[in-house]
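Following: one structure in structure tokens, then a few remarks.
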There are 2 protein chains.
Amino acid sequence: MNETSGTLRDHAREAVRAEVQRQAWLLFSEHGYESTTVDRIAAASGMSRRTFFRYFASKDDLVLARMVESGDAVVAALVARPAAESPWQALRASFQSIVDAQVAHADRSRALQVMLRDEPAVRATVEEWRRRWTALLTPAVAARLESAEGRAEGRAEGRAEGRAEGRADDDTRLRAEALVRSALECLESAQDAWAEREDGDLDRLVDVTMGAVAPL
Amino acid sequence: MNETSGTLRDHAREAVRAEVQRQAWLLFSEHGYESTTVDRIAAASGMSRRTFFRYFASKDDLVLARMVESGDAVVAALVARPAAESPWQALRASFQSIVDAQVAHADRSRALQVMLRDEPAVRATVEEWRRRWTALLTPAVAARLESAEGRAEGRAEGRAEGRAEGRADDDTRLRAEALVRSALECLESAQDAWAEREDGDLDRLVDVTMGAVAPL
DNA sequence: TCGACGTTGACACCGAGTGCCAATCTTGGC
DNA sequence: GCCAAGATTGGCACTCGGTGTCAACGTCGA
């Protein structure tokens with residue numbers, strides 16, 4: 001049970017980070033975010049306050065780290081969707097892994113969701129997380145838009161184009177970003193509603209929100 | 001030039017707040033948000049640090065106060081739109097006052113927009129501002145959706161309804177919230193793009209983003 | 001003139017986050 | 001086994017945002 005020394009340190013570091021996260025989430029769910037001081041998290045993890053800040057850049061970082069992991073899965077799901085699907089449909093389908101994960105651990109997820117929504121101190125982190133997901137998803141959606149336009153051009157190419165190609169590219173990126181950000185808001189609206197109503201079906205709620213904004 | 005003593009205090013208070021805001025924005029635009037300490041703002045405004053916190057609940061409050069004012073104008077514009085307009089079209093039209101105001105003071109607005117986008121410390125405040133606007137706009141959009149459904153029901157009432165009326169109401173509110181949040185994201189996407197590219201036409205960019213998500 | 005009330009400034013305090021330094025532990029070379 | 005190099009750790013002091021407290025000051029009405 002020995003490993004290369006280089007990865008050994010990393011492994012140890014990851015193990016410590018995971019344990020600190022576990023302890024922190026226990027404290028968060030019990031006392032809320034703001035009321036849980038870094039000293040308490042450090043003490044619960046058996047380390048000094050100063051050492052905690054060597055593992056996590058900030059208290060927010062504890063929250064952010066959780067989110068970032070799932071982002072890669074979503075973008076992978078998005079690029080795997082069939083090209084014929086509209087961007088909106090593809091985005092909806094890519095969210096399925098998140099939806100399934102939350103439904104699988106409904107109790108924990110609901111508590112977490114409420115915390116993210118109601119604790120003002122965490123919201124900057126949520127913003128940051130949304131930002132990163134947007135940056136990840138936008139290129140994939142832009143590619144989808146471009147290929148769709150390519151097909152459209154091939155079909156009917158009598159349009160007056162060639163005047164502002166660079167701007168058209170910028171517009172494509174911008175339209176992709178708007179789509180991604182809107183879709184993420186729909187997802188979050190559905191998640192918030194789901195966290196409140198005990199009975200809801202998150203899958204259906206996401207269909208409702210996204211279907212309300214654009215046809216699925 | 002004397003007034004009732006009750007409003008006199010309020011007037012003085014408002015004047016002080018305005019002056020502090022002015023000084024703060026000067027310092028922000030010169031040194032950025034984080035680097036501008038409350039001590040410096042207080043000193044520039046000729047008051048003690050403690051007194052500053054009696055006029056503004058927090059440093060963020062300086063930023064938030066600016067945003068909140070324009071919210072009422074948007075919701076007023078929304079309810080004034082003709083009932084025949086789709087929610088999405090009505091939202092787009094309601095944003096016009098914001099767009100016009102920003103275009104009128106393009107330089108200041110661009111600098112502000114960049115600061116809001118790039119300074120992580122302010123983003124929680126932006127979130128809060130978005131939240132309040134959502135709360136203001138959602139009921140108006142929900143009413144619009146309901147009346148539209150009422151008309152649709154009147155037209156074709158052979159549907160199997162009456163089973164889950166309460167849930168249908170919840171769904172309407174949820175769909176309205178999704179629409180509002182998506183529209184605000186489109187607005188912000190356009191604003192961010194506009195702040196970056198010197199040449200852009202903000203009006204057109206908002207049309208582009210909102211048109212990309214749903215037909216206008 | 002006196003007293004009530006609101007405003008102000010100063011001080012002490014808390015929590016998040018950082019720089020610095022000394023103690024300690026691990027690792028590799030001899 | 002031993003010792004030096006380097007990484008990890010903990011303690012300390014500091015900055016900054018934010019809050020509670022208290023004494024001093026000014027303004028108003030009686």
Side-chain angles (χ1 to χ4, degrees), chain A residues 1-21 23-24 27-28 31-65 119-128, chain B residues 1-21 23-24 27-28 31-65 119-128:
Chain A
M1 44 191 96
N2 224 340
E3 305 215 1
T4 320
S5 74
T7 61
L8 188 145
R9 275 204 213 286
D10 294 352
H11 262 289
R13 186 177 174 79
E14 274 317 300
V16 172
R17 277 180 61 99
E19 174 61 13
V20 174
Q21 274 191 23
Q23 295 291 345
L27 291 170
F28 288 163
H31 307 108
Y33 182 79
E34 292 211 54
S35 306
T36 305
T37 70
V38 171
D39 289 86
R40 291 177 70 97
I41 300 173
S45 312
M47 61 175 57
S48 80
R49 177 190 150 71
R50 190 67 188 84
T51 300
F52 168 87
F53 281 108
R54 290 205 179 86
Y55 281 95
F56 293 93
S58 65
K59 207 169 90 169
D60 300 332
D61 198 15
L62 280 169
V63 180
L64 187 58
E119 297 250 21
V122 215
R123 291 240 287 286
T125 307
V126 175
E127 256 283 314
E128 180 60 28
Chain B
M1 42 193 96
N2 223 342
E3 304 214 3
T4 320
S5 74
T7 61
L8 188 145
R9 275 203 212 290
D10 293 353
H11 262 288
R13 184 176 175 81
E14 273 319 300
V16 172
R17 276 179 63 99
E19 173 60 13
V20 173
Q21 274 191 23
Q23 295 292 343
L27 291 170
F28 288 163
H31 307 109
Y33 182 79
E34 291 211 55
S35 306
T36 304
T37 69
V38 171
D39 290 87
R40 292 177 71 97
I41 301 173
S45 313
M47 60 176 58
S48 80
R49 177 190 151 70
R50 191 64 188 84
T51 301
F52 168 89
F53 281 109
R54 292 205 178 86
Y55 282 95
F56 293 93
S58 66
K59 207 168 88 167
D60 300 334
D61 199 15
L62 280 170
V63 180
L64 186 59
E119 297 252 22
V122 213
R123 291 241 286 286
T125 307
V126 176
E127 256 284 314
E128 180 60 27

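First the proteins, then the strands, lettered A, B, ... as listed; each starts at 1.
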Got a donor-acceptor pair under 3.5 Å from the side chain of B/R50 to the base of D/dG18?
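Such a pair does not exist between side chain and base.
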
Regarding C/dG15, can its base be found pairing with the side chain of A/R49 as donor and acceptor, where the two atoms are less than 3.5 Å apart?
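Between C/dG15 and A/R49, which were checked side chain against base, a qualifying N/O pair under 3.5 Å is absent.
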
Just wondering, do B/M47 and B/Y55 contact through their side chains at under 4.5 Å, heavy atoms?
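In contact.
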
Is any side-chain heavy atom of A/V38 closer than 4.5 Å to one of A/F56?
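When only atoms from C-beta onward are counted, A/V38 and A/F56 do not touch, as no gap falls below 4.5 Å.
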
Nearest to the side chain of B/S48 - C/dA10, C/dG15, D/dG10?
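Of the options given, the side chain of B/S48 lies nearest C/dA10.
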
Between D/dG10, C/dT8, D/dG18, which one does the side chain of B/S58 approach most closely?
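Given the options D/dG10, C/dT8, D/dG18, the side chain of B/S58 is closest to D/dG18.
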
Could you give the [atom1]-to-[atom2] distance, from [X] to [N], as a whole number of Å?
{"X": "B/F56", "N": "D/dG17", "atom1": "CZ", "atom2": "P", "value": "15 Å"}
{"X": "A/E119", "N": "C/dA16", "atom1": "CD", "atom2": "P", "value": "12 Å"}
{"X": "B/E34", "N": "C/dT18", "atom1": "CD", "atom2": "P", "value": "10 Å"}
{"X": "A/R13", "N": "C/dC25", "atom1": "CZ", "atom2": "P", "value": "20 Å"}
{"X": "B/F52", "N": "C/dT7", "atom1": "CZ", "atom2": "P", "value": "17 Å"}
{"X": "B/D61", "N": "D/dG17", "atom1": "CG", "atom2": "P", "value": "15 Å"}
{"X": "B/D39", "N": "D/dT15", "atom1": "CG", "atom2": "C1'", "value": "10 Å"}
{"X": "A/F53", "N": "C/dA16", "atom1": "CZ", "atom2": "P", "value": "7 Å"}

At under 4.0 Å between heavy atoms, what does B/Y55 touch on the DNA or RNA strands: base, sugar-phosphate, or nothing?
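Result for B/Y55 = sugar-phosphate.
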
Heavy atoms only, 4.0 Å cut-off, all strands: where does B/T36 land among base, sugar-phosphate and nothing?
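Answer is sugar-phosphate: B/T36 comes under 4.0 Å of backbone atoms only.
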
Taking for each residue the nucleotide of DNA chain D with the nearest heavy atom, is it B/D60 or B/R54 whose nucleotide lies nearer the 5' end?
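With B/D60 and B/R54 compared, the 5'-side residue is B/D60.
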
Should we count CZ of A/R40 as having more than 12 external heavy atoms under 6.0 Å?
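At most 12 heavy atoms, drawn from other residues, nucleotides or ligands, come within 6.0 Å of this atom.
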
Measure from NZ or CZ of B/K59 to the centre of the six-membered ring of B/Y33 and say whether it is under 6.0 Å with the direction within 45° of the ring axis.
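Here B/K59 passes the 6.0 Å and 45° test against B/Y33.
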
Smallest separation among heavy atoms of A/R13 and A/R54, with atom names:
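In terms of heavy atoms, the two residues are closest at NH2-O, 3.0 Å.
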
